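Shown next, in structure tokens, is the structure this report addresses.
Just so it is clear, the structure is predicted and the values come from calculations on it, not from any experiment.
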Amino acid sequence: MIDLFYWPTPNGHKITLFLEEAGIDYTIHPVDISAGDQFRPEFLAISPNNRMPAIIDRNPEDGGEPISIFESGAILLYLAEKAEQFLPTDIRGRTAAIEWLFWQVGGLGPMAGQNHHFVQYAPEKIPYAMTRYINETNRLYGVMDRRLAQVPFLGGTDYSIADMACYPWVVPWKRQQQNLEEFPHLKRWFEGIAERPATIRAYEKGKALSARPV
């Protein structure tokens, strides 16, 4: 039903987390970002920003032609509405889940991504940039920790696409120069999601690909 154009990065893991939780049939089409697959014309046709993940829904609700979606947040929202799962239906719960989904897309992902770049991959070590993004990642961890001191999940009482969006960006916390022991509520949330059977299955799907050299 769903063609998933994927590589095992935090943004890629968001989508396998949802598909495994929802029990939706899908086929993975690897997009090897270390080999430049994201620039191939056939991929750009469905993801014009040359970023994965992207999906093609072969069975959209209107019964029409297949629909392609790019951008991980948009994909999560589309799938949640299609499956009628992991997005509250009441206005307050739905609004909170979407708020935290957008918070990840606009904050945690880009800032942690810059952290990864300057700390792990930049050919020149720039102390100012490293410190800036390590500190901003730390601040965002604090935002999550304070939220999770009040509610079980980022969107509120139930596991939702907000949690699926954020979790993969916390998985590499050591590489981000963070310490989960400083964020007890975030740590509780993180460990609970890590133990979910669907989480384990989702990360297993990426292991063979992530073993390739970068």
Side-chain angles (χ1 to χ4, degrees), residues 1-87 97-114 116-117 121 155 159-172 193 198-199 201-214:
M1 183 185 297
I2 300 293
D3 286 336
L4 170 60
F5 298 83
Y6 162 93
W7 197 247
T9 67
N11 284 334
H13 288 310
K14 293 180 194 177
I15 312 307
T16 51
L17 283 173
F18 183 94
L19 293 168
E20 290 294 333
E21 287 281 359
I24 296 175
D25 291 334
Y26 67 102
T27 300
I28 287 178
H29 302 273
V31 179
D32 187 343
I33 58 176
S34 63
D37 287 356
Q38 68 273 32
F39 298 106
R40 291 182 176 178
E42 58 269 29
F43 182 68
L44 286 171
I46 61 171
S47 183
N49 195 36
N50 62 267
R51 295 288 188 270
M52 69 87 230
I55 67 168
I56 298 176
D57 182 358
R58 301 288 181 186
N59 186 27
E61 289 186 11
D62 64 2
E65 293 296 313
I67 296 174
S68 64
I69 304 101
F70 71 102
E71 289 295 325
S72 58
I75 295 168
L76 283 175
L77 190 55
Y78 176 87
L79 290 173
E81 291 177 338
K82 176 184 177 70
E84 298 182 344
Q85 295 186 62
F86 303 109
L87 182 62
I98 292 175
E99 275 183 326
W100 286 95
L101 171 65
F102 279 44
W103 177 85
Q104 183 281 312
V105 171
L108 179 62
M111 296 301 103
Q114 293 296 325
H116 295 172
H117 175 77
Y121 302 117
Y159 186 55
S160 75
I161 56 175
D163 305 288
M164 296 176 197
C166 293
Y167 172 82
W169 284 100
V170 181
V171 170
I193 295 175
T199 303
R201 293 195 303 270
Y203 276 79
E204 283 293 324
K205 292 288 179 72
K207 276 188 176 179
L209 299 176
S210 60
R212 297 185 190 181
V214 176

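Residues passing the side chain to side chain contact (heavy atoms under 4.5 Å, CB included) test with L44 are N50, sequence neighbours excluded. In terms of the side chain to side chain donor-acceptor pair (under 3.5 Å) criterion, E71 has no residue partners (sequence neighbours excluded). E20 is linked by a salt bridge (Lys or Arg N to Asp or Glu O under 4.0 Å) to R201, K205, counting only residues two or more places apart in sequence or in another chain. For S47, the side chain to side chain contact (heavy atoms under 4.5 Å, CB included) partners two or more places apart in sequence, or in a different chain, are F43, A54, F70. Annotation: side chain to side chain donor-acceptor pair (under 3.5 Å) contacts of W100 (sequence neighbours excluded): none. Here E99 pairs with nothing under the salt bridge (Lys or Arg N to Asp or Glu O under 4.0 Å) rule; sequence neighbours left out. Under the rule for a ring pair (Phe, Tyr, Trp, His ring centres under 6.0 Å), Y6 has no partner lying at least two apart in sequence or in another chain. Contacts of R58 classified as side chain to side chain donor-acceptor pair (under 3.5 Å), with partners at least two apart in sequence or in another chain: D3. Every side chain to side chain contact (heavy atoms under 4.5 Å, CB included) that S160 has, sequence neighbours left out, goes to A97, A162, D163. Judged as a side chain to side chain contact (heavy atoms under 4.5 Å, CB included), and not counting sequence neighbours, P110 has no contacts.
A distance of 6.0 Å or more separates the ring centres of W169 and H13.
Within the 4.5 Å cutoff, no side-chain heavy atoms of P10 are placed close to those of Y167.
In terms of modelled atom types and a separation under 3.5 Å, the side chain of D37 and the main chain of V31 share no donor-acceptor contact.
Screening residues 14-34 for ring-ring contact (aromatic ring centres under 6.0 Å, His included), with sequence neighbours left out, gives F5-H29, F18-F86. Applying the salt bridge (charged side-chain N to carboxylate O under 4.0 Å, His left out) rule to pairs touching residues 4-19 yields nothing, sequence neighbours excluded.
For E84, the CD atom counts as loosely surrounded, since its 6.0 Å shell holds 12 or fewer non-hydrogen atoms of other residues, nucleotides or ligands.
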